[in-house]
Amino acid sequence: MASHRECPSCALEFEDTGDVEQCPYCGYEFPQRSSGVKWVAWLLALLLLWPAIQGLMYLLG
């Protein structure tokens, strides 16, 4: 299932099949995120929610 994606460099839309690494028009290389970035994001989200969870436990407990 192809979706439309816009290049941040040339602002042209093209069909993204999921394996596109660069813009077919201008050659802009899209940055690839590593799996470590996702883990750090989840860890930070949990750390931000930790006080809220403790507050709920205090109110319910």
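- You'll find the side chain of E29 stays beyond 4.5 Å of the side chain of E21, heavy atoms only.
- Interatomic distance, F30 CZ to D16 CG, rounded to the nearest 0.5 Å: 7.5 Å.
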Please walk me through it: do S9 and C23 pass side-chain contact (heavy atoms from CB on, under 4.5 Å)? CA-CA 9 Å; S9 180; C23 175; over 6 Å; no

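- Looking only at side-chain heavy atoms (C-beta outward), Y25 and C7 stay at 4.5 Å or farther from each other.
- Note that CG of L49 and CG of L44 are 11.0 Å apart. Values are rounded to the nearest 0.5 Å.
- The stretch residues 40-55 participates, sequence neighbours left out, in no side chain to side chain donor-acceptor pair (under 3.5 Å) pair at all.
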Would E6 and F14 count as a side-chain contact (heavy atoms from CB on, under 4.5 Å) here? Give the steps. CA-CA 7 Å; E6 183 177 318; F14 60 94; over 6 Å; no

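- Between R5 and E13, the closest side-chain pair of non-hydrogen atoms is not below 4.5 Å.
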